[in-house]
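Report on the structure given below.
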Amino acid sequence: MDCTELFVTLIEEVGLIVTMLAYLITHTEYFKEILDKRFTLKNQAILILILGAVSVYGTYGGIIHKLDVYGAITNIRDLAPMVAGLIGGPVMGVAVGLIGGVHRYFLGGFTVIPCAHATVLAGLFGGIIYKLRNGAFISVAGAVVFAALMESFHMALVLLLAHPYSQAVMVVKAVGLPMIAANSLGMMIFAFMISNKIKELKTIADRE
């Protein structure tokens with residue numbers, strides 16, 4: 001499967017995940033509370049479980065569509081932890097990343113260590129951005145740049161930690177661009193929806 005086919009298949013997965021999160025953003029009170037900075041143990045736990053499931057699905061999508069490339073699973077697993085960190089901070093980001101990362105760890109494979117760690121770090125880095133911005137959601141452009149840099153870092157981890165190195169190079173050459181592009185596009189859509197929802201909640205609050 002070439003880069004174009006990988007990208008198209010990953011975009012199909014992004015579309016399904018976008019549909020799920022769009023429903024959450026528009027219909028779930030827990031999501032609205034998080035965006036409105038009304039954190040409770042309950043709404044955080046529920047969103048961690050939901051976004052954790054989305055991260056796991058990001059891996060399973062690659063398995064279902066047989067996106068195994070040179071022993072590595074092409075995926076969009078990091079997307080949910082990044083979103084969780086950006087909207088809920090480090091605790092939510094890392095928790096979602098652990099769900100996706102631990103699941104990936106038990107699937108095994110020669111890229112298991114860098115891939116599992118990258119998913120946890122995606123949530124952590126998203127949470128750090130949240131803290132640096134004092135809880136303000138990042139711009140759409142900023143979110144896209146973050147996603148692209150995170151997936152580039154993911155590829156760098158594969159090169160540094162996966163062995164044999166020659167096989168790691170083949171994996172990065174084959175899946176690097178499709179994963180960076182698909183995750184960045186997914187993040188752009190999520191960030192746009194979340195930004196609009198935050199504006200909507202602020203308008204409602206101002207009216208009240």
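As a basis for the values below, the full set of heavy atoms in this structure was taken, side chains included, without hydrogen atoms, waters or symmetry mates. Counting from 1, the numbers follow the sequence of the chain as shown.
With hydrogens and angles disregarded, no donor-acceptor distance shorter than 3.5 Å links the side chain of Asn43 to the backbone of Ile34. Judged by distance alone, the side chain of Lys197 and the main-chain N or O of Leu35 form no donor-acceptor pair under 3.5 Å. In this structure, the side chain of Thr119 does not engage the main chain of Gly97 through any donor-acceptor pair within 3.5 Å. In this structure, His117 contributes its side chain and Ile113 its backbone to a donor-acceptor pair below 3.5 Å.
Tracing side-chain contacts under 4.5 Å through hydrophobic residues (I, L, V, M, F, W, Y), one never reaches Ile48 starting from Leu41; they form parts of separate clusters. Leu160 and Ile180 fall into different hydrophobic clusters, where Ile, Leu, Val, Met, Phe, Trp and Tyr side chains are chained together by heavy-atom contacts under 4.5 Å. No continuous path of hydrophobic side-chain contacts links Val83 to Val145 [ILVMFWY only; heavy atoms under 4.5 Å]. If you chain together hydrophobic residues whose side chains sit under 4.5 Å apart, Val8 and Val175 never meet in one group.
Remark: Met187 CE to Ile76 CD1 distance equals 11.5 Å, nearest 0.5 Å. Going from atom CG of Leu157 over to atom CE of Met155 covers 9.0 Å, rounded to the nearest 0.5 Å. To the nearest 0.5 Å, atom CG of residue Leu185 and atom CG of residue Leu10 are 10.5 Å apart. The distance from atom CD of Glu13 to atom CG of Leu79, rounded to the nearest 0.5 Å, is 11.5 Å. Atom CD1 of Ile138 sits about 11.5 Å away from atom CD1 of Ile194, to the nearest 0.5 Å.
Considering only heavy atoms from C-beta on, Pro90 comes within 4.5 Å of Lys131 through its side chain. Taking the side chain as every heavy atom from C-beta outward, Lys42 and Ile46 approach each other to under 4.5 Å. For the pair Leu86/Phe190, no side-chain contact is recorded, criterion being any heavy-atom separation below 4.5 Å from C-beta on.
The side-chain hydrogen bond (donor to acceptor under 3.5 Å, both in side chains) check on Lys32 picks up nothing, with sequence neighbours excluded. For Lys202, the side-chain hydrogen bond (donor to acceptor under 3.5 Å, both in side chains) partners at least two apart in sequence or on another chain are Asp206.
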CA sep, side-chain torsions, deciding dist, call: Leu16, Tyr57, side chain to side chain contact (heavy atoms under 4.5 Å, CB included): CA-CA 10 Å; Leu16 183 55; Tyr57 177 79; 2.9 Å; yes

message: Set out, in order, the CA-CA distance, both residues' side-chain angles and the distance that settles side chain to side chain contact (heavy atoms under 4.5 Å, CB included) for Ile50 and Phe31, then state yes or no.
response: CA-CA 10 Å; Ile50 292 173; Phe31 206 104; over 6 Å; no

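If you run side-chain hydrogen bond (donor to acceptor under 3.5 Å, both in side chains) between Thr111 and each of Gln167, His154, His163, Arg104, only Arg104 comes through.
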